[in-house]
Structure formats: C-alpha cells, structure tokens
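For reference, the structure is listed below as structure tokens.
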Protein chains: 2
Amino acid sequence: MDNVSQEDYLTAIYRNLDEAGEIKPNLLASKLEISNAAVTDMLRKLSRDGFVDYQKYKGIKLTGEGELYAKNMLRRHRIWEVFLHQTLGMPWDKVHDEAEKLEHSSSDEIINLLEEFLEYPEVDPHGYPIPDKNGKIKKSKTVVAITELNENDTAKVIRVNDDVKNLLSYVTKIGISLGKEIIVKDKLEYDGSVLMMIDRKEVNISNKIASNIFVEKIK
Amino acid sequence: MDNVSQEDYLTAIYRNLDEAGEIKPNLLASKLEISNAAVTDMLRKLSRDGFVDYQKYKGIKLTGEGELYAKNMLRRHRIWEVFLHQTLGMPWDKVHDEAEKLEHSSSDEIINLLEEFLEYPEVDPHGYPIPDKNGKIKKSKTVVAITELNENDTAKVIRVNDDVKNLLSYVTKIGISLGKEIIVKDKLEYDGSVLMMIDRKEVNISNKIASNIFVEKIK
DNA sequence: TTATATATTTAAGTTCGCTTAAATTTATAA
DNA sequence: TTATAAATTTAAGCGAACTTAAATATATAA
Ligand SMILES: [Mn+2]
Ligand SMILES: [Mn+2]
Ligand SMILES: [Mn+2]
Ligand SMILES: [Mn+2]
C-alpha cells in the first residue's frame, strides 16, 4: 500500500478503537474530518485489501495485518516527532502536523536509521510510546486523566493528547509540560473543572482539557 | 500549491531547460516517465496557475514564480539528501529516491532547521549546489564532463548526475566517488568510450557514462 | 410499540492525474 | 516541394478520494 489517505484511516481507526476493539464510521468520519459517505467508500477498499473487517452497519475492526500497519504508522509518526523536537528543536505543539505528512514519505529504512540516530527513544514528545520494528509496544506506566484525581493529590504529567487541535499550545501556555508536577486543589462539581497548582500558581482547567492530560499519581 | 505531481513537473522542467531556457513536452514526458498527453494536460494547469509560460506547440518556459518554486524544491531535495547521507549514513546511490518523496512533505521551516543542523552544506552528496532560502545558487567550480578531457589529462571528480537510473551504483562499483582523481589514458574514436586510471586500475567507461560525470581539470 | 432521531449506505457528481487512440501540427528527409 | 516521420494536442475514459442529497437501517425515547 502506498497511500496517504488509507494510511491515515488505519491510524485513526487504531487510535480510536473502543474497549471491544471496534470503531463506528461516524466517529471515524469526525476524527478524519470527512463525510460519512467517504468513510463507507474507503471501508470497502480497506476491507477488500484485507486491512479491516467490515460488514454493513457493524462496527469496524482491524485485521492482524491492518493493526500491524497502523502500529507501524504510529512508529513512523512518533519517531519523526522525536527527531523534529529533539534534534531540530521544533516546539512540541508543532511537530504533530509535520509528522502527519512525513510519516507517509519515509521508508522503513529511514525510520530505522533515525531510531538508531536518536538512540532508541521510548516515547514521543507528547509521552506516547513508540512501537518497535515488530509492532511491539512497551507497556508504559499506569496513567490516569487529571479528571480522575482527587483533591490534594499530587501527580506528574506523563502524557498529553496530541490529537486535539490547539490543546498542546494551550496547555503550554498554562505552564504544563511533560514531567511537570501538579497538585489538585479543588474539583468543581457543576462543570467538572479542576483547580490546581502549577509552579505555585493556581490554574483552573476545564473538564474537557483535564480529560486529555494524563498523569502518574505521586505516592 | 500542495501537490506532488506539479512539484515534480516544475523541478524536471528547471533541471532540463536548454540554452534558450526552454524545454519541449516530449523531453519532459520522458524525464517524468509519463505520456505526452499527460504533459499537455498539466501544462495547462501550470500555465493557468502562473508557473509556466506555455503556448501550444511552443517550448515551455518557467515564469519567475515557477523558477523560484523549482529552485526551492531542489533546495529541499538536496538538503534532505545531505541529511540522509551525512547524518544517517545512507549510501549516496540511495538518497535520491528517498528525497524524491520527502521533498514534498516538509515545510520550509523544517528545511531551514535541517540546513542549520547540517551547518549550511553547499552541495548535495552528488556534488550539486544547494540553493539558499532566496533561491540564490552559489556559482560553483567550472566543471567539464569526462568526455571533454584529452589524453593524459588528470582531473578530480566534482559531480555525478543523480538523475540517471543506476548510474550512481555503477559508478561506485568502478571506484568513483566525489573528490577521486582520474587520469585519462585513451579516448576510443569509434564508440567515444574513455579509458582511464582510477586508483591505479585501468577502467573503460562508455561515452554515455563519461558524459554524466563532471570533473575539474588539475593544472 | 411506535414515532422520531441518528447513523449508515447508496447514488450521482466533481477534481486530479493519469492512460490509449485518434487527429492535427511541425520537423525532416527524399 | 512533397512525402513521411515525429511531436503535440484532443478526445474519451479510468481509479482514487472526496462531496451533497436521498434512501434506508438502527437506536432511542415517548
Ligand atoms: Mn498522516
Ligand atoms: Mn505525538
Ligand atoms: Mn519528488
Ligand atoms: Mn542529488
């Protein structure tokens, strides 16, 4: 397969599987920002080519081959992100969009050389794990969304969702980066927002944002 | 413009302009390995979009904008080649095909950062000059094809055509690399081939190959 | 259970970049 | 100059990846 669209479909499917390992066309369409009709169309092709299990009106599953392909795309994407951030000094809120293009234009050979050059990084600049050549993903620390914390919990930021538009640049603005310590001061009942301390400053973040920042509880 | 094909057309046009600054559709088609009809089609679009001057049955010229765009593509291409060869250690006969894809997927920002990281290289791994941000190309040494040399001339390899299939890997096999010294022993009248010394070994290369290796005469 | 809302598929149509075949123009050679 | 060859354009058509609108199936709520 040598195709930008199909590769983005597979990645989007893999990233958004539910607990049952499925995804609905409607969600996929919204993640890819295209029409439902286009998704139906493409699902037939991906199914014909053996990358997804698809039956009309049923949830979409990846085949073994499809899952491997998707994980390899994540590998390419994340290794490029590390390179752009770490080697070229590009800010973490810009690397995703660039990697979104580069991932389709680089042979496995380039990716393997890059990985070696970068000394085998384990996570991308947003804290997501990098699959190895065989699609194996190291099981990472147990993390929870900030929304799961309780009052007075102290936690360390491990991962921030890199798939949400403008989230990273906003999060940067309020002082959050990987490894940063936060302390939950208050959880507001009526809107689910969270009041917390970052660098000795009080910051209130909405429930929506809190649900996309993943942390490791300290003690 | 955000298009692989159009970008490759512009680059191919620029690289193959004749002394009059023009190229014929037929040559362009063969360089791009597509039909003449496809070229006619695309020329209308490139003309409509202001990148080429085109009138039916006349030679194709680049507009100012078209030339700038083409040179920027060469810049991207060659900077990627330097990175792949120099930083990742990919052999010089493999980097061209990879760069052919990467050139379309990288913002000017990435290219500028890469250029800085590489410490502003002046030529790509095949000896071709790298245009700067403004499209300026440093005028390089005066070179001649090996076919232009005379018996007993000594010369240094400065540039090898990177656009000819399998040329680089062949040339590598017979011991030629950038900077290598050669001595012309004999020029065969009947087929234009050249007999020369490389590393104290006698090597005969065809006229076609000799015409794609560029050297600087020594003394 | 039935009405209504939502999700999904089907149908028809568009743009892009290509193809082959036929028509036409330009170049070359007798 | 004229016949022939070569280059170029035109015409028709294809697959990929989209779109919008309409039809149909499924989910949800009264
Ligand atoms: Mn992508
Ligand atoms: Mn990421
Ligand atoms: Mn290219
Ligand atoms: Mn080159």
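Order of the sequence lines fixes the chain letters, A, B, ..., with proteins taken first and strands second; residue numbering starts at 1 for each chain.
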Rounded to whole Å, please give me the gap between [atom1] in [X] and [atom2] in [N].
X       : N      : atom1 : atom2 : value
B:Leu46 : C:dC16 : CG    : C1'   : 13 Å
A:Tyr9  : D:dA17 : OH    : C1'   : 7 Å
A:Asn26 : D:dA25 : CG    : P     : 18 Å
A:Glu7  : D:dA17 : CD    : P     : 11 Å
A:Ile60 : C:dA7  : CD1   : C1'   : 12 Å
B:Asp41 : D:dT10 : CG    : P     : 10 Å
B:Met42 : D:dT10 : CE    : P     : 16 Å
A:Glu33 : D:dT19 : CD    : P     : 11 Å

Do any N or O atoms of the protein come closer than 3.5 Å to N or O atoms of nucleotides 24-28 of chain C, and which pairs are they?
from   : atom 1 : to      : atom 2 : distance (Å)
C:dT25 : O4'    : B:Tyr57 : OH     : 3.4

- So what does B:Ser5 hit on the nucleic acid, given a heavy-atom distance under 4.0 Å: a base, only sugar-phosphate, or nothing?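 Sugar-phosphate, backbone atoms only, no base.
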
- Which part of the nucleic acid, if any, lies within reach of A:Asn36 when heavy atoms closer than 4.0 Å are counted: base, sugar-phosphate only, or nothing? base

- Between B:Arg44 and B:Tyr54, is NZ or CZ placed under 6.0 angstrom from the six-membered ring centre and within 45° of the ring axis?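 Here B:Arg44 fails the 6.0 Å and 45° test against B:Tyr54.
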
Taking only N and O in the side chain of [X], is any of them less than 4.0 Å away from OP1 or OP2 of [N]?
X       : N      : result
A:Gln6  : D:dA17 : yes
A:Tyr54 : C:dT9  : yes
A:Thr40 : C:dT8  : no
B:Asn3  : C:dG17 : yes
A:Arg44 : C:dT10 : yes

- Task: Give the ring-plane orientation class for B:Phe117 versus A:Phe117, where under 30° counts as parallel, over 60° as perpendicular and anything between as tilted.
- Result: perpendicular

- Message: If the threshold is 4.0 Å, N to carboxylate O, is there a salt bridge linking B:Asp53 and B:Lys61?
- Response: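 Salt bridge flag = no for B:Lys61 with B:Asp53.
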
- Message: Whether B:Glu109 and A:Lys94 form a salt bridge (side-chain N of Lys/Arg under 4.0 Å from carboxylate O of Asp/Glu) is what I want to check.
- Response: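 Yes, this pair counts.
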
- Message: Main chain of A:Lys136, side chain of A:Asn134: is a donor-acceptor contact present, judged purely on distance under 3.5 Å?
- Response: no

- Check whether any side-chain heavy atom of B:Ile176 lies under 4.5 Å from a side-chain heavy atom of B:Met196, and answer yes or no.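 When only atoms from C-beta onward are counted, B:Met196 and B:Ile176 do touch, with a gap below 4.5 Å.
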
- Message: If you assign each of A:Lys45 and B:Val39 to its closest nucleotide in DNA chain D, which residue comes earlier from the 5' end?
- Response: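 Upstream on the strand: B:Val39.
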
- Given salt bridge (charged side-chain N to carboxylate O under 4.0 Å, His left out), test A:Lys187 with A:Asp153 step by step and report yes or no. CA-CA 11 Å; A:Lys187 294 180 71 179; A:Asp153 279 351; over 6 Å; no

